[in-house]
Amino acid sequence: MIELLPLHAVHVDLLSTDNPDALAQADRYLSLMSDEEHTRMARLVFERDRRRFLLTRALVRTMLSRYTSVAPGAWTFVTNVHGRPELLDRPAGVPDLRFNISHTDGLIACAMTIGREVGVDVEHVGRRLTQDVAARFFAPQEVADLHAMPADEQPRAFFDYWTLKEAYIKARGFGLALPLGDFAFRLAPPDNPTITFEPSMKDDPGTWQFMQDWPTPQHRLGLAVRRTGDDLPVRIREVVPQVGS
């Protein structure tokens with residue numbers, strides 16, 4: 001059954017990499033992948049990386065097909081010069097679906113919308129990070145705000161900034177070609193984060209919506225989407241990719 005993706009909304013599907021119901025369908029997921037995807041997966045040395053690759057492809061393909069009559073195995077993809085995967089060809093009658101994917105230890109996320117720039121990032125907050133990461137990659141105001149927090153709050157706040165910055169550069173499609181120090185987030189919970197830009201960025205902060213979520217106690221999620229007018233509704237849910245018999 002085809003599900004409606006509203007024109008003015010964002011859907012985010014999450015998949016645990018150790019979900020037993022998903023792992024039980026591994027053979028079906030393998031049948032969806034292209035020859036190029038099989039080749040890329042075979043190059044991965046570790047089984048955990050091959051499993052994550054397979055589940056990521058299954059999540060993206062089945063999520064795209066949930067909103068169209070296109071079979072999950074029929075989608076073709078291309079990677080832009082900065083590494084972002086995109087649809088190679090959009091079949092006639094299919095809406096302008098835009099998606100972005102992220103994965104980390106234990107979790108995969110796929111954000112989807114229609115005709116909008118969108119980016120998502122998930123991070124496991126148990127990652128060990130050196131003290132100079134913020135100083136190297138954050139804007140000066142972000143570094144100052146982070147260091148002004150109580151010491152016990154700083155490790156998790158780091159991931160607030162990191163996931164937001166990753167989500168924004170992924171939405172723009174330029175990856176690390178965008179200078180991370182030339183835009184800064186302001187955290188003001190319970191309100192959504194806001195962004196400011198250096199003049200060199202040539203972007204309008206009023207056209208961006210950002211939000212964050214804790215899909216699990218160990219995972220921080222950041223979302224960025226270009227919008228006009230009011231904020232868009234965002235649906236976040238856990239799924240198991242389903243493939244027809």
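Predicted, not measured: the structure shown is a model, and the values here were computed from it. Here, residue 1 is the first one in the sequence, and each next residue gets the next number.
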Seminar exercise, completed: Value for CD1 (Ile114) from CE (Met112), rounded to nearest 0.5 Å, stands at 10.0 Å

For this session: Look at the aromatic rings of Phe138 and Trp162 and report parallel, tilted or perpendicular, splitting at 30° and 60°.
Result: tilted

Exercise. For Pro140 and Gly181, which heavy atoms make the closest approach, and how far apart are they?
Worked result: CD-O, 4.2 Å

Seminar exercise, completed: Across all chains, not counting sequence neighbours, the side-chain contact (heavy atoms from CB on, under 4.5 Å) partners of Ser200 are Asp182, Glu198

Exercise. Roughly how far apart are Leu14 CG and Thr216 OG1, rounded to 0.5 Å?
Worked result: 9.5 Å

Seminar exercise, completed: Nearest heavy-atom contact between Pro215 and Leu107 is CG-CD2, 3.8 Å

For this session: Under the salt bridge (charged side-chain N to carboxylate O under 4.0 Å, His left out) rule, collect the residues that match up with Arg226, sequence neighbours excluded.
Result: Glu117, Asp203

Exercise. Are the side chain of Arg66 and the backbone of Ile2 linked by a donor-acceptor contact shorter than 3.5 Å?
Worked result: no

Exercise. Thr68 versus Pro95: any side-chain heavy-atom pair under 4.5 Å?
Worked result: yes

Problem set entry | Joint cluster assignment, Tyr67 & Val10, ILVMFWY side-chain distance < 4.5 Å | no

Seminar exercise, completed: What one should report as the nearest heavy-atom pair of Thr113 and Ala9 is OG1-O, 2.7 Å

Problem set entry | Side chain Arg28, main chain Val243, donor-acceptor under 3.5 Å | yes

For this session: Could you name each residue pair satisfying ring-ring contact (aromatic ring centres under 6.0 Å, His included) that touches residues 180-199, not counting sequence neighbours?
Result: Tyr168-Phe183, Tyr168-Phe197, Phe185-Phe210

For this session: Using salt bridge (charged side-chain N to carboxylate O under 4.0 Å, His left out) as the criterion, list what pairs up with Arg116, not counting sequence neighbours.
Result: none

Exercise. Excluding sequence neighbours, so at least two apart, what forms side-chain hydrogen bond (donor to acceptor under 3.5 Å, both in side chains) with Asp160?
Worked result: Arg220

For this session: Could you list all the ring-ring contact (aromatic ring centres under 6.0 Å, His included) pairs where at least one residue sits in residues 14-59, not counting sequence neighbours?
Result: none

Exercise. Going by heavy atoms in the side chains, are Val118 and Leu223 under 4.5 Å from each other?
Worked result: yes

Problem set entry | Close side-chain approach of Met63 and Pro72, heavy atoms under 4.5 Å | no

Exercise. Are side-chain heavy atoms of Phe158 and Val133 found at a separation under 4.5 Å?
Worked result: yes

Problem set entry | Shortest non-hydrogen contact between Ala157 and Met149, atoms and distance | CB-SD, 3.3 Å

Problem set entry | Leu180 with Leu146, same ILVMFWY side-chain cluster at under 4.5 Å | yes

Exercise. Do the non-hydrogen side-chain atoms of Ser34 and Trp75 ever get within less than 4.5 Å of each other?
Worked result: no

For this session: Output yes when a side-chain donor or acceptor of Arg50 lies under 3.5 Å from a complementary backbone atom of Leu54, and no otherwise.
Result: no

For this session: Classify the ring geometry between Phe77 and Phe99 as parallel (under 30°), tilted (30 to 60°) or perpendicular (over 60°).
Result: perpendicular

Exercise. Looking at residues at least two apart in the chain, or sitting in another chain, which of them share a salt bridge (charged side-chain N to carboxylate O under 4.0 Å, His left out) with Arg235?
Worked result: Glu3

Exercise. Same cluster or not: are Ile108 and Leu23 linked, directly or through other Ile, Leu, Val, Met, Phe, Trp or Tyr residues, by side-chain heavy atoms under 4.5 angstrom apart?
Worked result: yes

Exercise. Where do Val94 and Leu87 land on the side-chain contact (heavy atoms from CB on, under 4.5 Å) test, with the steps shown first?
Worked result: CA-CA 12 Å; Val94 171; Leu87 288 177; 5.8 Å; no

For this session: State whether the side chain of Lys170 and the backbone N or O of Lys165 hold a donor-acceptor pair below 3.5 Å, judged by distance alone.
Result: no

Seminar exercise, completed: Separation between OG1 (Thr62) and CG (Leu15), nearest 0.5 Å, reads 8.5 Å

Problem set entry | Asp49 and Arg51 ion-paired at < 4.0 Å | no

For this session: Working to the nearest 0.5 Å, report the span between CE of Met201 and OG1 of Thr196.
Result: 10.0 Å

For this session: State yes or no: do Met211 and Ile169 share one hydrophobic cluster built from I, L, V, M, F, W and Y residues joined by side-chain heavy-atom distances below 4.5 Å, directly or via other members?
Result: no

For this session: Kindly write out the residues that satisfy side-chain hydrogen bond (donor to acceptor under 3.5 Å, both in side chains) with Ser102, not counting sequence neighbours, or none if the list is empty.
Result: Asp121

For this session: Determine which pairs satisfy ring-ring contact (aromatic ring centres under 6.0 Å, His included) with at least one residue from residues 105-127, sequence neighbours left out, and list them in order.
Result: His124-His219

For this session: Find the distance between OG1 (Thr56) and NE2 (His103) and round it off to the nearest 0.5 Å.
Result: 5.0 Å

Problem set entry | Any donor-acceptor N or O pair under 3.5 Å, side chains Gln212, Thr163 | yes

Problem set entry | Asp145/Arg186 ion pair, N-O < 4.0 Å | no

For this session: Tell me whether Leu221 is reachable from Trp214 by hopping between hydrophobic residues (I, L, V, M, F, W, Y) whose side-chain heavy atoms are closer than 4.5 Å.
Result: no

For this session: Step through the shown structure and confirm whether more than 12 heavy atoms of other residues, nucleotides or ligands are within 6.0 Å of CG on Asp230.
Result: no

Problem set entry | Within-4.5 Å side-chain heavy-atom neighbours: Asp13 and Arg237 | yes

Seminar exercise, completed: Taking every heavy atom of Ala58 against every heavy atom of Pro241, the minimum-distance pair comes out as O-CB, 3.9 Å

Exercise. Can you name the salt bridge (charged side-chain N to carboxylate O under 4.0 Å, His left out) partners of Arg40, sequence neighbours left out?
Worked result: Glu36

Problem set entry | salt bridge (Lys or Arg N to Asp or Glu O under 4.0 Å): pairs with one or both residues in residues 69-88, sequence neighbours excluded | Arg84-Glu86

Problem set entry | Partners passing side-chain contact (heavy atoms from CB on, under 4.5 Å) against Asp231 (at least two apart in sequence or in another chain) | Asn192, Gln209, Arg227

Exercise. Okay, side chain of Glu153, backbone of Pro150: is any donor-acceptor separation there less than 3.5 Å?
Worked result: no

For this session: Report yes if some heavy atom in the side chain of Asn19 is under 4.5 Å from a heavy atom in the side chain of Val240; otherwise report no.
Result: yes

Exercise. So, Asp21 and Gln25: side-chain donor and acceptor under 3.5 Å apart, yes or no?
Worked result: no

Problem set entry | Any side-chain donor near an acceptor of the partner, Trp208 and Thr194, under 3.5 Å | no

For this session: First locate atom CG of Leu59, then atom CZ of Arg52, and finally report the distance between them rounded to the nearest 0.5 Å.
Result: 13.5 Å

Problem set entry | Contact summary for Leu5 and Leu97, nearest pair of heavy atoms | CD2-CD2, 3.7 Å

For this session: Check whether any side-chain heavy atom of Met41 lies under 4.5 Å from a side-chain heavy atom of Leu30, and answer yes or no.
Result: yes

